[in-house]
Amino acid sequence: MTLQRRVLAYLALAAVASCALTVAVAIVLVRHRVAAQRDASLVAQVDFLAASESGLVHGVLVDRVRGGRPARLGPLRSAIVADAVPAGNGLGTITIAGHSLLYASRNTPRGRVILVRSAQLAFAEWRPFLWSVVVAGLGGALLALLLSYVLARRLARPIDQLSAATRRLSAGEDAVAVPVDGEDEIAELGRSFNAMAGQLARSREAQRNFLESVSHELKTPLTAIRGYGEALAEDAVNAPEAGAVIVVESERLSRLVSDLLELARFGRADFIVARVPVDLGAVAAQTVQRHARRARELGVELSAETIPGAAGLGDDQRLLQACSNLVENALRLTPAGGEVRLRAEGRELSVTDTGPGLAADELPHAFERFYLHRRYRSEREVGSGLGLAIVRELVEAMGGTVRATGAPGAGASFTLSLAPTPAPLVTPGVARPSA
């Protein structure tokens, strides 16, 4: 059963049940009203007879209503009824020989006037009203069914559209959206679906681009390794030359795989990042110590400067990893005789180099996967293309932000900003010696 038919069935059932209940209540009310009118009519008739005072026999007149008009009872029945009816004026019921009678009595100067009729309400008395109520109920039920059909179509149409769009989306179609009209919950559901579909399309596009870039980066070292391996097997190159190239490309391949594995860990339940007060000066000093040897080999001055109280909320080991990635990039790009400087101030830690710098249009995209790598792999020494993306993922997992500044030929600066600590972390400001 389709959604529209199910909604129609529910609405129709509710409408018919409502109409049936309305008719039942109306019948009860009509019977009650007819009974009240019958009592009022009986009182009016006995009042009329009492006022006329005609036909009194031995001081008592007992009539019975038949066909809507009073008819005289025989002397025996009259005596029985007169004995059963309480004295005085009144309206009530009595039972004689198993028959329930409704009576109305009046005292007059000449005697009593009693008018009786069956206490049971005859079907003929309220039948005309019954048919009117039933006809009205049927008309209401038909109208309710029609409105239920219209409402079911209106409710089911956007849900059917959502269902069809979901199937298209699950089949891999990207440009999927549903029309949205109104401000109700279904319209909000449609807007949420469109937002989700757009985000999923962007995610799929980013994934495709990422896979293309990864495939290309994996292909390059593998091609070099295979080529030199074949040349070595054919004795076309000397072993030291081939071995050196294979080692370099293998290291490049290993670095790329390690970065890919690191990125794959982000967002997993077992990837935990602490958010505790961290001494940024200590992190800067550890980073300098870790890369001091490499900086000396490249002829690059590596130093750190800490302003007192530099601290933020984060994970010291993850922050050290992020800073190491930035320093590795800076050392790779900074020419011999240049400088790479770390600075910890407030809740920020920055890495500045004297390398080739970045253009203004590159700064907003610097931390995107493979963005700078694709631009500069033909003119600069580049890494895996994932180092800056890992930095951003790590810092954002700690609740911080990253930004890049710089200009072509004037070097680049990458700044990590952490969340503030609940209380300042006081540390002595020490200018770290250059490596």
Using 0.5 Å steps for rounding, measure from the [atom1] atom of [X] to the [atom2] atom of [Y].
X: L326; Y: T287; atom1: CG; atom2: OG1; result: 9.0 Å
X: D353; Y: E339; atom1: CG; atom2: CD; result: 10.0 Å
X: D315; Y: L320; atom1: CG; atom2: CG; result: 10.0 Å
X: R318; Y: E393; atom1: CZ; atom2: CD; result: 12.0 Å
X: T93; Y: L101; atom1: OG1; atom2: CG; result: 9.0 Å
X: T166; Y: M196; atom1: OG1; atom2: CE; result: 6.0 Å

Where [X] and [Y] come nearest, the two heavy atoms and their spacing:
X: A304; Y: V288; answer: CB-CG2, 3.6 Å
X: V278; Y: G314; answer: CG2-O, 3.3 Å
X: I94; Y: A84; answer: CG2-O, 3.7 Å
X: S350; Y: T415; answer: CB-OG1, 3.5 Å
X: A104; Y: L91; answer: CB-CD1, 3.9 Å
X: L416; Y: C323; answer: CD1-SG, 3.9 Å

Q. Just wondering, do L319 and L418 contact through their side chains at under 4.5 Å, heavy atoms?
A. yes
Q: Answer whether the closest heavy-atom distance between the side chains of R293 and E297 falls below 4.5 Å.
A: yes
Q) Can you name the residues that form a side chain to side chain donor-acceptor pair (under 3.5 Å) with R347, not counting sequence neighbours? A) none
Q. Are side-chain N/O atoms of N194 and R191 paired as donor and acceptor at under 3.5 Å?
A. no
Return a table of donor-acceptor pairs under 3.5 angstrom between the side chains of residues 396-404 and protein atoms on other chains or two or more places apart.
{"residue": "R403", "atom": "NH1", "partner": "E348", "partner atom": "OE2", "Å": "3.1"}
{"residue": "R403", "atom": "NH1", "partner": "S417", "partner atom": "OG", "Å": "3.3"}
{"residue": "R403", "atom": "NH2", "partner": "E348", "partner atom": "OE1", "Å": "3.4"}

Q: State whether the side chain of S413 and the backbone N or O of T405 hold a donor-acceptor pair below 3.5 Å, judged by distance alone.
A: no
Q: Please report the C-alpha distance between I307 and R343 in whole Å, then the side-chain angles of each, then the deciding distance to 0.1 Å, and finally whether the side chain to side chain contact (heavy atoms under 4.5 Å, CB included) criterion is met.
A: CA-CA 8 Å; I307 305 301; R343 180 180 176 84; 3.6 Å; yes
Q: Give the C-alpha distance, both sets of side-chain angles, the deciding distance and a yes or no for side chain to side chain contact (heavy atoms under 4.5 Å, CB included) between F414 and L388.
A: CA-CA 10 Å; F414 299 90; L388 293 178; 4.1 Å; yes
Q.
Exactly one of T352, L280, V283, L302 should register a side chain to side chain contact (heavy atoms under 4.5 Å, CB included) with L342. Which one does?
A. L302
